[in-house]
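This report concerns only the one structure given below.
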2 protein chains.
Amino acid sequence: MDTGTPRRRPMRADARRNYERLLAEAADAFAEHGTDFSLEQIARRAGVANGTLYGHFPTRRALLEALLSDRMRALAAAGEELLAHPSPLGGLTEWARAATAHAALYRGLGTAFLQAVEDETSELHAACQAVLATGDALVARARNAGEVRPDVTAMDLYALVNAAAWVSEQNSAPQGERLLEFTLTGFRT
Amino acid sequence: MDTGTPRRRPMRADARRNYERLLAEAADAFAEHGTDFSLEQIARRAGVANGTLYGHFPTRRALLEALLSDRMRALAAAGEELLAHPSPLGGLTEWARAATAHAALYRGLGTAFLQAVEDETSELHAACQAVLATGDALVARARNAGEVRPDVTAMDLYALVNAAAWVSEQNSAPQGERLLEFTLTGFRT
DNA sequence: ACCTGAACACCGTTCAAGT
DNA sequence: ACCTGAACACCGTTCAAGT
């Protein structure tokens, strides 16, 4: 089977321009109002008709995926590099902080990410699985070094990171970061 | 100033009946579809007109408050009783589990509760503050006994409990309960 | 005192018709 | 190949008119 990215033909110039404008407006709108912001308004701000948005992005998650896939790949790559961190626990902690910051980019992302990992129909599924796999490598290394409890899983870390981002969205207090620190401590042997 | 509950005059019989039917339908709908379920459909199912719902419950949160205030009072009372638990940490842990189960009653509650605690205009604010105060007493007792770290606050516990409930809503894996356990461990001295 | 139902301004999504 | 804009079915919220 061919799971690779489909070889995409170059877009027509006007299509490409609309595509880019939609992405730019969506990035602004999501950053300011969260991922539930009206798609109709995004289309309007981008100066295109309603249906044009749906032509490029059939679902809200497809739009998110286009917006975030580069960044998610970078997060996974950063995790791979941290496998060379002198301290397994230090590498894990550093990556957990980066992943939390990543999930806090737009309000609503924590929800999307935590759901996407077990929803195979989600356009974010593949990217989230890659992030989870990176977390797994970091957790395994720390576990093998005897620095975290043997029952800690990558899914524990993934849920924590998204929960911490979610807490930060809901409440102005620094509870998100504190949740992250307390729980990482709880992971330790 | 008079912060007490306003002395409410008895409702007209038909009003009381509509009020009760709306509450019953809302409880069902929220339990099955979460707290964002359409208010219009709730009114329809209760057999009343749109505006009747708004007459009784000006906001969605007012409806939630009517639905949950007894239960929230009970949660606070259970916390007070757990102050007599032989183990301060044991009492705290038991209450944290009860509070998490409480916040998991309807999908969306974690969000509502975490926001309400710092939003004074929320109809849920008072009840959430009472729950927070109970958590504070339990945390203080465990701290004085030297069983939790001195920097752990009631707000840490409150955020954790709602985050654990939120995680359980998003994902079928048992990550919510695990987050609770790991973090409570991280609270310990 | 309470209820009704229409009115208003908004959404997401689809799809025939255009270019 | 892509875009437009109308169409459809839905919302939350308000408020004049009724009883």
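In this text the structure is predicted, and so the values were computed from the model without any measurement. A, B, ... follow the sequence lines: proteins, then strands. Residue 1 opens every chain.
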How close or far is atom P of C:dC2 from atom CG of B:L53, stated in whole angstroms? 15 Å
Need to verify one output field. Residue with the more 5' nearest nucleotide on DNA chain C, A:D36 or B:G47? B:G47
Residue matched to D:dA7 through Watson-Crick or wobble contacts both under 3.5 angstrom: C:dT13
Tell me which nucleotide, if any, is Watson-Crick or G-U wobble paired with D:dC2 when both distances must be under 3.5 Å. C:dG18
A:E40 CD to D:dC11 P, in whole Å, measures 17 Å
Is B:S38 near enough to D:dC10 that one of its side-chain N or O atoms lies under 4.0 angstrom from OP1 or OP2? no
So, under a plain 3.5 Å distance rule, would you say the side chain of B:N50 forms a donor-acceptor pair with the base of D:dT13? yes
Strictly under 6.0 Å, is that where the ring centroids of A:F182 and B:F182 end up? no
Taking OP1 and OP2 of C:dC2, is either one under 4.0 Å from a side-chain nitrogen or oxygen of B:T52? no
Can you tell me the distance, in whole Å, between the OH atom of B:Y54 and the P atom of D:dC11? 11 Å
Before accepting this row, confirm whether a basic side-chain N of the pair A:R149/A:D156 lies closer than 4.0 Å to the acidic partner's carboxylate O. no
Counting heavy atoms from C-beta on, name the nucleotide in D:dC2, C:dT13, C:dA6 closest to the side chain of A:M11. D:dC2
What is the distance, rounded to the nearest whole Å, between atom CZ of B:R16 and atom P of C:dC3? 12 Å
Should A:N18 be listed as having a side-chain N or O under 4.0 Å from OP1 or OP2 of D:dC3? yes
For A:Q41 and A:S38, work out which heavy atoms get closest and say how close. N-OG, 3.1 Å
For D:dC2, does OP1 or OP2 lie under 4.0 Å from any side-chain N or O of A:H56? no
Pairing of A:R61 and A:E65 as salt bridge, 4.0 angstrom limit: no
For A:G51, which contact category applies under a 4.0 Å heavy-atom criterion: base, sugar-phosphate, or nothing? base
For B:A49 and A:Q41, find the nucleotide of DNA chain C closest to each by heavy atoms; which residue's nucleotide sits nearer the 5' end? B:A49
Whole angstrom is fine here: how far is it from CG in A:L22 over to C1' in D:dT4? 14 Å
So A:Y19 and A:H56, would you call those rings parallel, tilted or perpendicular, with 30° and 60° as cut-offs? perpendicular
Spacing of A:Y19 atom OH relative to D:dC2 atom C1', expressed in whole Å: 15 Å
Output the rounded distance in Å from CD1 (A:I42) to C1' (C:dC10). 15 Å
Can you tell me the distance, in whole Å, between the CG atom of A:L39 and the P atom of C:dT14? 12 Å
Which part of the nucleic acid, if any, lies within reach of B:R21 when heavy atoms closer than 4.0 Å are counted: base, sugar-phosphate only, or nothing? nothing
Can you tell me which nucleotide in C:dC2, C:dT4, D:dA1 comes closest to the side chain of B:V48? C:dT4
Check whether any side-chain nitrogen or oxygen of B:R44 sits under 4.0 Å from OP1 or OP2 of C:dT4, and answer yes or no. no
Assess whether a salt bridge exists between A:D14 and A:R17, defined as any Lys/Arg side-chain N lying under 4.0 Å from an Asp/Glu carboxylate O. no
